[in-house]
Novice: 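Submitted below is the structure of interest, expressed as structure tokens.
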Amino acid sequence: MRYQICISALPLMFCAVAGAATPTKGSTALVGVMETTDLHSNVLGYDYFKLAPEPSLGLDRTAALIAQARQQFPNNLLFDNGDAIQGSALADYQALAHPLKCDQTLAIYKVMNKLGYDGGGIGNHEFNYGLAYLSQVTGNRFEVDGVDASRPRCAGPAFPQVLANVYSLKTRQPLFAPYRIIDKQITAQDADGKPLTVTLKVGIIGFAPPTILSWDKRSLEGKVYTEGLRETASRFIPEMRAQGADLVVAISHGGLDDSAYQPSMENGNWHLSKVPGIDAMLIGHSHLPFPNASSTIPQFNLPGVDKVKGLVNGVPTVMANLWGKHLGVIGLHLSHDGQRWIVDRSQTTVEARAAQQAGKSFIAPDPAIAALVAGEHEATIGYVKTPVGATDFRMSTYFADVGDVTAIAVVNLAQADYVSKYVKANLPQYAALPVLSMASPFKGGSAGVSDYTDVKAGSLALNNAADLYLYPNSLYAVKVNGGELKAWLEHAAGRFNTIDPELTTPQELVNTAFPTYNFDAMTSKEISYEIDVSKVPGQRIKNLRFRDKAVTASNEFLVATNNYRASGGGGFPGLDGSKTAVAAPDANRDVLIGYIKEVKNLTRAESGQQRSWRFARVRTAGPVVFHSAPGLLPLARQAGLANVSQLRADDGLGKGFALYAVDLSK
């Protein structure tokens with residue numbers, strides 16, 4: 001489809017495409033508006049931390065969804081919501097390890113250019129590498145302190161990027177063009193059903209979370225300021241309409257929040273939707289798909305939010321999850337009243353289309369994408385093998401089921417440290433609450449004898465962090481009371497079978513139907529508890545104490561975890577998304593990497609033996625057994641597990657495991 005943009009210094013109306021007809025009353029058109037969001041430079045379906053392909057993510061797979069949508073909607077527009085240039089090892093490589101030159105285009109933008117994006121917004125993570133870098137890679141000249149505006153304009157994306165609510169303190173003008181009007185040639189039908197080619201003037205306006213001033217204070221303070229979404233939209237949208245915009249699409253990097261409006265609110269799109277003149281909203285930041293009929297997430301269950309049809313106060317709205325896992329598609333049905341195009345909301349459709357297909361397979365990637373960024377990809381693989389720190393102890397999960405916390409203690413330390421700092425900077429209302437952390441041993445032998453986390457003592461590289469934190473979750477924190485904390489631990493103790501002390505025959509300790517990644521545990525010197533596996537599930541947590549005092553329902557805590565758990569993953573009681581206090585803009589794995597870089601040298605004393613839980617002592621008539629890789633009893637001893645013994649180097653089940661026993665009386 002052909003379109004033309006005439007760029008000027010000011011966001012004035014662009015020139016029309018020659019040869020287009022004037023729509024008449026009764027004319028109709030169907031236009032597909034597509035969205036990607038929170039790609040975080042996941043250009044390819046590849047996990048640079050595991051050094052392995054990862055089919056569940058990547059813009060190369062989203063490209064196939066885009067091609068499908070374009071077949072369905074010959075009239076189409078493709079936009080990105082932001083958080084595109086940061087968040088993967090590839091992004092760090094191009095920004096930090098091997099900084100991009102002025103005449104080079106970011107890998108993510110190279111791919112977007114090839115895919116023919118019509119426009120894009122700016123998210124909070126675009127600011128993470130500083131204003132000078134953002135100015136360079138977007139091909140903009142920022143009039144702000146610390147950025148040389150006289151330098152040549154560098155390479156950037158081949159499509160307009162808009163951002164209306166972030167301003168230069170020096171000029172008092174928006175940092176980017178606040179909006180653009182794109183002249184898009186489309187095929188419509190007149191009142192008699194005859195085809196006609198018309199020019200549709202599509203106005204796009206962008207918004208970033210005002211909270212960037214807190215998140216990137218070091219690089220933004222004294223250089224830019226923000227305005228709230230509602231007042232910014234009220235200023236510019238009438239101007240866009242006066243410039244001839246037939247449609248107005250808000251590209252707003254944020255989620256939904258119906259609490260009392262504040263110009264500084266992080267997720268102001270519920271309020272934005274009420275500003276007159278918006279025909280569609282493309283949202284993001286929350287790393288979720290919307291619409292989603294089954295979602296229990298509070299922001300999708302607000303008054304005025306239709307999570308089935310994808311409407312927010314009547315405005316068609318889509319959020320395309322993250323990392324290219326989904327493509328947002330709004331099918332706008334338009335009718336012309338003789339004066340202007342009107343969106344028929346009764347026929348308009350909204351979808352978040354998943355790259356994961358029926359049967360849990362994934363759509364095949366577009367091979368042209370990999371070819372386009374082959375050089376950057378190979379260079380990044382070399383980069384992630386670079387050391388980021390060191391450890392004086394081996395971190396593994398071979399004995400995690402019986403108390404070895406070496407592979408989760410550093411995760412908990414990193415998560416708790418991040419949440420404590422985040423609360424101090426952004427959430428003073430939670431400042432008095434103690435911060436705890438939960439982590440689980442993701443790899444516990446379910447896929448075979450090699451399916452364990454095992455990071456040897458010595459140098460740590462970026463990809464080792466993936467062995468410690470397997471899944472690409474985002475860091476969340478939930479507010480719970482003492483009773484809810486105990487219920488959380490009770491559910492996690494479902495990892496174990498109920499042991500009968502009177503049985504003389506061997507009893508299996510581990511309930512293999514209970515996933516390893518749901519065995520959450522704390523590893524803090526401030527908290528302790530016992531798990532009594534002789535009791536039935538729900539009655540196992542004993543002597544739960546915080547700072548040497550019994551935990552009661554009156555205690556309140558912030559518990560660092562991940563978005564999966566906080567939003568209901570694993571079926572933990574009370575964790576359904578409603579208790580989320582912190583939905584951090586960073587991934588758990590990135591938080592862990594940042595912590596290791598800061599600490600530099602991990603020691604067992606500080607980072608590997610803060611065990612909070614023990615088995616309640618119970619004498620059994622027969623052995624309590626479990627299975628793990630053979631010949632690793634010294635690791636159990638190093639972790640302080642004197643009550644573990646190896647019964648047989650081969651458990652006899654033909655899968656290479658050894659049979660171990662744990663003495664619960666010790």
Side-chain angles (χ1 to χ4, degrees), residues 50-52 391-411 439-460 463-470 492-499 503-519 521 523 531 533 602 604 607-609 611 613-615 618 620-666:
K50 291 190 291 186
L51 294 175
T391 174
D392 73 358
F393 65 102
R394 187 172 174 181
M395 296 177 277
S396 71
T397 58
Y398 296 110
F399 298 100
D401 286 322
V402 290
D404 182 0
V405 298
T406 52
I408 68 168
V410 67
V411 175
S440 57
F442 293 126
K443 298 162 69 176
S446 61
V449 73
S450 63
D451 180 34
Y452 292 93
T453 294
D454 191 354
V455 177
K456 304 295 195 298
S459 177
L460 292 172
N463 62 300
N464 294 129
D467 207 4
L468 294 167
Y469 202 98
L470 183 62
R495 174 67 176 169
F496 303 113
N497 293 314
T498 303
I499 301 300
L503 278 181
T504 57
T505 54
Q507 297 181 73
E508 292 282 349
L509 174 69
V510 175
N511 172 15
T512 55
F514 191 96
T516 307
Y517 57 76
N518 283 340
F519 182 33
T523 53
I531 300 175
V533 294
L602 303 181
R604 183 183 293 273
S607 306
Q609 62 185 26
R611 183 181 175 191
W613 71 274
R614 302 286 192 279
F615 286 118
V618 55
T620 60
V624 176
V625 299
F626 66 99
H627 308 258
S628 189
L632 296 177
L633 196 58
L635 281 183
R637 296 288 182 264
Q638 292 166 18
L641 303 178
N643 60 343
V644 172
S645 59
Q646 180 175 297
L647 301 181
R648 293 196 302 271
D650 185 342
D651 64 6
L653 299 178
K655 295 183 179 180
F657 288 95
L659 185 68
Y660 291 87
V662 57
D663 186 346
L664 297 177
S665 69
K666 297 181 180 178

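Because the structure is a prediction, the values reported are computed rather than measured.
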Novice: Tell me whether Asp663 contacts the main-chain N or O of Asn643 through its side chain, where contact means a donor paired with an acceptor under 3.5 Å.
Specialist: no

Novice: If every non-hydrogen atom of Glu508 is compared with every non-hydrogen atom of Asn497, which pair is closest and at what distance?
Specialist: O-ND2, 2.9 Å

Novice: Hey, could you give me each pair passing ring-ring contact (aromatic ring centres under 6.0 Å, His included) that has a residue in residues 635-666? Not counting sequence neighbours.
Specialist: Phe399-Tyr660, Phe626-Tyr660

Novice: Working to the nearest 0.5 Å, report the span between OG of Ser628 and OH of Tyr452.
Specialist: 3.5 Å

Novice: If you measure from the Lys or Arg side-chain nitrogens to the Asp or Glu carboxylate oxygens, is any gap between Asp454 and Lys443 under 4.0 Å?
Specialist: no

Novice: Just by distance, do the side chain of Arg604 and the backbone of Gln638 share a donor-acceptor pair under 3.5 Å?
Specialist: yes

Novice: Can you give me the closest heavy-atom contact between Pro630 and Ala649, atom names plus distance?
Specialist: CB-O, 3.5 Å

Novice: Go through the steps for Leu503 and Thr620 under the test side chain to side chain contact (heavy atoms under 4.5 Å, CB included), then give the verdict.
Specialist: CA-CA 7 Å; Leu503 278 181; Thr620 60; over 6 Å; no

Novice: Decide yes or no on side chain to side chain contact (heavy atoms under 4.5 Å, CB included) for Ser446 and Thr512, but give the supporting numbers first.
Specialist: CA-CA 8 Å; Ser446 61; Thr512 55; over 6 Å; no

Novice: What distance do Thr453 atom OG1 and Leu468 atom CG have between them, rounded to the nearest 0.5 Å?
Specialist: 6.5 Å

Novice: Going from CD on Gln609 to OG1 on Thr523, what distance comes out if it is rounded to the nearest 0.5 angstrom?
Specialist: 11.5 Å

Novice: Take His627 and Leu659 through the test side chain to side chain contact (heavy atoms under 4.5 Å, CB included) and record every step on the way to the result.
Specialist: CA-CA 5 Å; His627 308 258; Leu659 185 68; 3.5 Å; yes

Novice: Minimum heavy-atom separation for Leu641 and Val402, please, with both atom names.
Specialist: CD2-O, 3.5 Å

Novice: Rounded at 0.5 Å granularity, tell me how far CG in Leu460 sits from CG in Asp467.
Specialist: 10.5 Å

Novice: Might you point out which heavy atoms bring Tyr398 and Leu635 nearest each other, and give the distance in Å?
Specialist: CD1-CD1, 3.7 Å

Novice: Specify the closest pair of heavy atoms between Ala439 and Val411, including all atoms of both residues, with the distance to one decimal.
Specialist: CB-CG1, 3.8 Å

Novice: Taking the ring centre of each residue, are Phe519 and Phe496 less than 6.0 Å apart?
Specialist: yes

Novice: Are any side-chain N or O atoms of Thr406 and backbone N or O atoms of Ser396, one a donor and one an acceptor, separated by less than 3.5 Å?
Specialist: yes

Novice: Quick one: pull up CE in Met395 and CG in Asp404 and give me the separation to the nearest 0.5 Å.
Specialist: 11.5 Å

Novice: Can a donor-acceptor pair be found, under 3.5 Å and without considering hydrogens, that links the side chain of Ser440 to the backbone of Phe442?
Specialist: no

Novice: Can you name the closest pair of heavy atoms from Ile408 and Ala521 and give their distance?
Specialist: CD1-CB, 4.0 Å

